Every structure is written in C-alpha cells, then in structure tokens.
Student: 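One structure coming up, written as structure tokens, with questions to follow.
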Amino acid sequence: DAGITQSPRHKVTETGTPVTLRCHQTENHRYMYWYRQDPGHGLRLIHYSYGVKDTDKGEVSDGYSVSRSKTEDFLLTLESATSSQTSVYFCAIRTDGTGRTEAFFGQGTRLTVV
Amino acid sequence: QKEVEQDPGPLSVPEGAIVSLNCTYSNSAFQYFMWYRQYSRKGPELLMYTYSSGNKEDGRFTAQVDKSSKYISLFIRDSQPSDSATYLCAMSARAGTALIFGKGTTLSVSS
C-alpha cells in the first residue's frame, strides 16, 4: 500500500456541513493526489500537490479545497457538503525515483452526504 | 473525444482463458502507462508500469504499448477466478503529473 493511510474510511454527513478527509503517507513522496470515483465516471482528479504548500486544481475541483502543511499529510475539505459529493475518495502518491514514476493508492474513504 | 477510452465490459471468460484488455488515447504526449486492478470496495492496485513503447511481462501479465496507434493492452494468461476485478488503464505525459484514467473494464473469470 506504499504507506498510505486514509481517514476516516467511512463517513456519513449532512448536507451543508464541512468535511475533512485526511491522507497520510510514510515515505515522503513529493506528489500527492485526491481522486473521486463514481459509477460511469471512473477516477477523476480533484486536486493535487507537488510539495508542501504547493497545490493545484484538477478536473472536478469545485466545492473542494486542499491543504498540505507537511510532506506526509494531504487534506481534502468539502467546504459545504452536497449530495453530489457522495462518492468514494482516493488519495494517491506518485514516486519520483530515477527512471520510474509509479502511482499508488490508499484504500479509499466512502463518503455519504444525506 | 475523451482523452482515454476503455470498454467497460463486462467481460466474462472461463478459467484458463487468455484475456485481452485495451485502451485507446488521444494525447500523443502520454509516455507513462500503468494498469491497475481494483477489487470491489478496495483501492486500485498497481499491476504493470511501462514507460514509452514496447512490451513488459510479469508472470501471467503482459503489457503492450503502441504509441504510433495510441493503443495499450494488458494480456492475462491462464486466467483465474481471483483475476475477477475491474481493470483500469492510466497514463500521463510527465513524471509528476496526475494520471488520467480510463473508466475501467470489469472482468469475471468463472471456474
């Protein structure tokens, strides 16, 4: 699992509440990503980070924000949760070793907005 | 046209069959290609990694990249019921950029 831990693994929240998902890695990789996975859409990029305090938007960033104050932690915040944000959220890291640059995923957070 | 196209299936085969999974893409700058396997309610697991063109083999799995045709394939030999999962192709143009995924192909191997 490349030392990636997502928390919480499951969450049910009410519409309009803020929610923060955490991704923690143990190997100090520079690149970290948040994806959401929905039936019929596959994995879509929400936000990504290429270093501490360096983040950028992905394909489906509206309604989400991120922060990375430490190399090992990448937080995803739903500012005011909506039912359309019910999804499975995956964090990923990408290695940046010489000649190889694989991406590894966490186990996911299943979020339900009611 | 989507950047990465992948037939969602489902694909059903008997145990021992050779399985061929494919993706096409439109961005000629893609040079990093990966295949992931995802079991139900689990995270994607990296199966194969290929840089640029060519073939790569790992046990029962072979990945092929044809950049001239913008086409990648994953072959599974002697398929097993434990291979039943969704297979995702993914690719990127540069080392640090986010992967772009196909929507996945669901495979079922019956014993």
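As the structure is a prediction and not an experimental result, all values here were calculated from the model. Order of the sequence lines sets the chain letters (A, B, ...), proteins ahead of strands, with each chain counted from 1.
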Student: Quick one, A:F105 and B:K42 - any side-chain contact, counting heavy atoms below 4.5 Å?
Tutor: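 The answer is no, as the side chains (C-beta and beyond) never meet within the 4.5 Å cut-off.
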Student: Would you check if B:T97 and A:Y48 make a side-chain contact, meaning some heavy-atom pair closer than 4.5 Å?
Tutor: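 No - every pair of side-chain heavy atoms lies 4.5 Å or more apart.
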Student: Could you tell me which portion of A:Y50 (side chain, backbone, both or neither) has an atom closer than 4.5 angstrom to a non-hydrogen atom of chain B?
Tutor: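 Contact with chain B is absent: no heavy atom of A:Y50 under 4.5 Å.
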Student: Tell me whether B:F75 shares a hydrophobic cluster with B:L47, the cluster being built from Ile, Leu, Val, Met, Phe, Trp, Tyr side chains joined at under 4.5 Å.
Tutor: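 No, separate clusters.
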Student: Which atoms of A:Q6 are under 4.5 Å from chain B, going by heavy atoms: the side chain, the backbone, both sets, or neither?
Tutor: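 Neither part.
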Student: If hydrophobic clusters are built by linking Ile, Leu, Val, Met, Phe, Trp and Tyr wherever their side-chain heavy atoms come under 4.5 Å apart, do A:L75 and A:I93 end up in the same one?
Tutor: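 No, A:L75 and A:I93 fall in different hydrophobic clusters.
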Student: Does any heavy atom of chain B fall under 4.5 Å from the side chain of A:L43, the backbone, both, or neither of them?
Tutor: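 For A:L43, backbone and side chain are both near chain B.
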Student: When rounded to the nearest 0.5 angstrom, what is the spacing between OG1 in A:T101 and CD in B:Q31?
Tutor: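 So the gap between those two atoms works out to 10.5 Å.
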Student: Between B:L46 and chain A, which part of the residue has a heavy atom less than 4.5 Å away: side chain, backbone, both or neither?
Tutor: side chain
Student: In terms of hydrophobic clustering (I, L, V, M, F, W, Y; side-chain heavy atoms under 4.5 Å; direct or indirect links), are B:W35 and B:V13 co-clustered?
Tutor: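 Hydrophobic grouping puts B:W35 with B:V13.
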Student: To the nearest 0.5 Å, how far apart are CZ in B:F101 and OH in A:Y35?
Tutor: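 The OH atom of A:Y35 is 5.0 Å from CZ of B:F101, to the nearest 0.5 Å.
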Student: Are there more than 12 heavy atoms of other residues, nucleotides or ligands under 6.0 Å from atom CZ of B:R77?
Tutor: yes
Student: Of all heavy-atom pairs between B:G43 and A:F90, which one has the smallest distance, and what is that distance?
Tutor: CA-CE2, 3.3 Å
Student: Of the listed residues (B:R41, B:Q6, B:E45), which shares the most heavy-atom pairs with chain A below a 4.5 Å separation?
Tutor: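 Counting heavy-atom pairs under 4.5 Å, the top option is B:R41.
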Student: Sort out for me which of B:P8, B:G96, B:A90 touches chain A most, counting heavy-atom pairs under 4.5 Å.
Tutor: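 The residue among B:P8, B:G96, B:A90 with the greatest pair count is B:G96.
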Student: Hey, mind stepping through B:S92 and A:R94 against side chain to side chain donor-acceptor pair (under 3.5 Å) and telling me if it holds?
Tutor: CA-CA 11 Å; B:S92 74; A:R94 192 158 182 186; 2.9 Å; yes
Student: What part of A:R44 gets closer than 4.5 Å to chain B, counting heavy atoms only: side chain, backbone, both or neither?
Tutor: neither
